[in-house]
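Positions are given from 1 along the sequence.
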Amino acid sequence: MPHIDLPQGLPGISSGFAFRPETAKPMRELAHVLLHEPNSLASGERELIATYVSSQNDCFFCQTSHGAAAACHLGDAAIVKQVKTDFTQAPISEKLKSLLAIAGKVQQGGNNVTEADVAAARAEGATDLEIHDTVLIAAAFCMYNRYVDGLATWQPRDEAMYEPMGKHLAAHGYRTPSVSAPKPAEQEAVLA
């Protein structure tokens, strides 16, 4: 049960966005720029960073929805699961592994990132922009995760429900909602 009177039938961050559209707009725009717009890191790689940080923060909604988007981009849900379990053993590039290590340290606290971490990422070919965006994705997802969980939003546990959301995010990005409010009859079924 959400801590405040959020719109019913909208999962996770969607309910917070519907509750306060004026804060939703810049939050959506930030996610769109970081995860969807052209970048030297593929969208699937950036979604993996968001998924990993969300899993470390134990935010079910964000790790599942962004994991579904990453799986759409990568064509492989097994990679997403492996990154959440132990990214060092995942079939991803060494560069991405070094960036995930940085993201994990940001998740714990920004001061945990060291010059050695940055040097290791550079040694694997990471650019300053990729390091910057990794840090910002990790920091932003700590905020998004805490927003979702701090309001105790409704987070359905059926992972199949997140697949259409992931497809929408992968195809269209973050400027438009990936879910819409259910009609009254649908809402009763969802909440039952």
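Here the two rings, on H66 and F61, have centers that are 6.0 Å apart or farther.
Ionic pairing of R46 and D133 is not present here: no N-O contact between side-chain nitrogen and carboxylate oxygen is shorter than 4.0 angstrom. Contact check on E22 versus R20 returns a salt bridge, with a Lys/Arg side-chain nitrogen under 4.0 Å from an Asp/Glu carboxylate oxygen.
Around atom CG of D158, more than 12 heavy atoms belonging to other residues, nucleotides or ligands sit under 6.0 Å away. Within a 6.0 Å sphere centred on NZ of K167, other residues, nucleotides and ligands contribute 12 heavy atoms or fewer.
At distances below 3.5 Å, not a single donor-acceptor pair connects side-chain atoms of S15 with backbone N or O atoms of P11. Not a single donor-acceptor pair under 3.5 Å links the side chain of Q89 to the backbone N or O of D86. Remark: the backbone N or O of T127 is paired with a side-chain donor or acceptor of E130 at under 3.5 angstrom. Judged purely by atom type and a 3.5 angstrom limit, K95 has no side-chain atom pairing as donor or acceptor with the backbone of A126.
Across every non-hydrogen atom of L6 and F19, the tightest pair is CD2-CB, 3.7 Å. D117 and N112 make their closest contact through OD2-O, 3.7 Å (heavy atoms, listed as atom of the first residue, atom of the second, distance). Nearest heavy-atom pair across A71 and A77 is CB-CA, 3.8 Å. The nearest pair of heavy atoms linking G44 to L74 is CA-CD2, 4.1 Å.
Atom CG of L100 sits about 10.0 Å away from atom CD of Q56, to the nearest 0.5 Å. Summarising the geometry, atom CZ belonging to R28 is positioned 7.0 Å from atom OG1 belonging to T176; distances are rounded to the nearest 0.5 Å. Of the inter-residue distances, the one linking Y174 atom OH with L30 atom CG reads 11.5 Å to the nearest 0.5 angstrom. Between the CZ atom of F17 and the OG1 atom of T153 there is a distance of 11.0 Å, given to the nearest 0.5 Å. With rounding to the nearest 0.5 Å, the separation of OG1 in T85 from OH in Y52 is 10.5 Å. One distance of note links CG of L169 with NE2 of H32; it measures 11.0 Å at 0.5 Å rounding.
A donor-acceptor pair shorter than 3.5 Å cannot be found between the side chains of H172 and S178.
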- I would like to know whether F87 and L48 meet side chain to side chain contact (heavy atoms under 4.5 Å, CB included); could you show each step before the answer? CA-CA 10 Å; F87 71 82; L48 281 176; over 6 Å; no
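Linking ILVMFWY side-chain heavy atoms closer than 4.5 Å, directly or via other members, places V33 and I13 in two distinct hydrophobic clusters.
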List the atom pairs, donor and acceptor, that lie under 3.5 Å between side-chain atoms in residues 143-151 and the rest of the protein, sequence neighbours left out.
from : atom 1 : to   : atom 2 : distance (Å)
Y144 : OH     : M27  : O      : 2.6
Y144 : OH     : A31  : N      : 3.4
N145 : OD1    : N57  : ND2    : 2.8
N145 : ND2    : S54  : OG     : 3.0
N145 : ND2    : F141 : O      : 3.1
R146 : NH1    : N57  : OD1    : 3.4
R146 : NH1    : C142 : O      : 3.1
Y147 : OH     : G16  : O      : 3.1
D149 : OD1    : Q155 : NE2    : 2.8

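Contact check for R122 versus I131: side-chain heavy atoms found under the 4.5 Å cut-off. A heavy-atom distance below 4.5 Å is found between the side chains of V179 and L10. The shortest distance between side-chain heavy atoms of T51 and V83 does not fall below 4.5 Å.
Partners of A103 by side chain to side chain contact (heavy atoms under 4.5 Å, CB included), not counting sequence neighbours, listed by chain and number: I49, V53, T134, A138.
Within the structure, side chain to side chain donor-acceptor pair (under 3.5 Å) pairs that include any residue of residues 71-84 comprise Q63-K84 (at least two apart or interchain).
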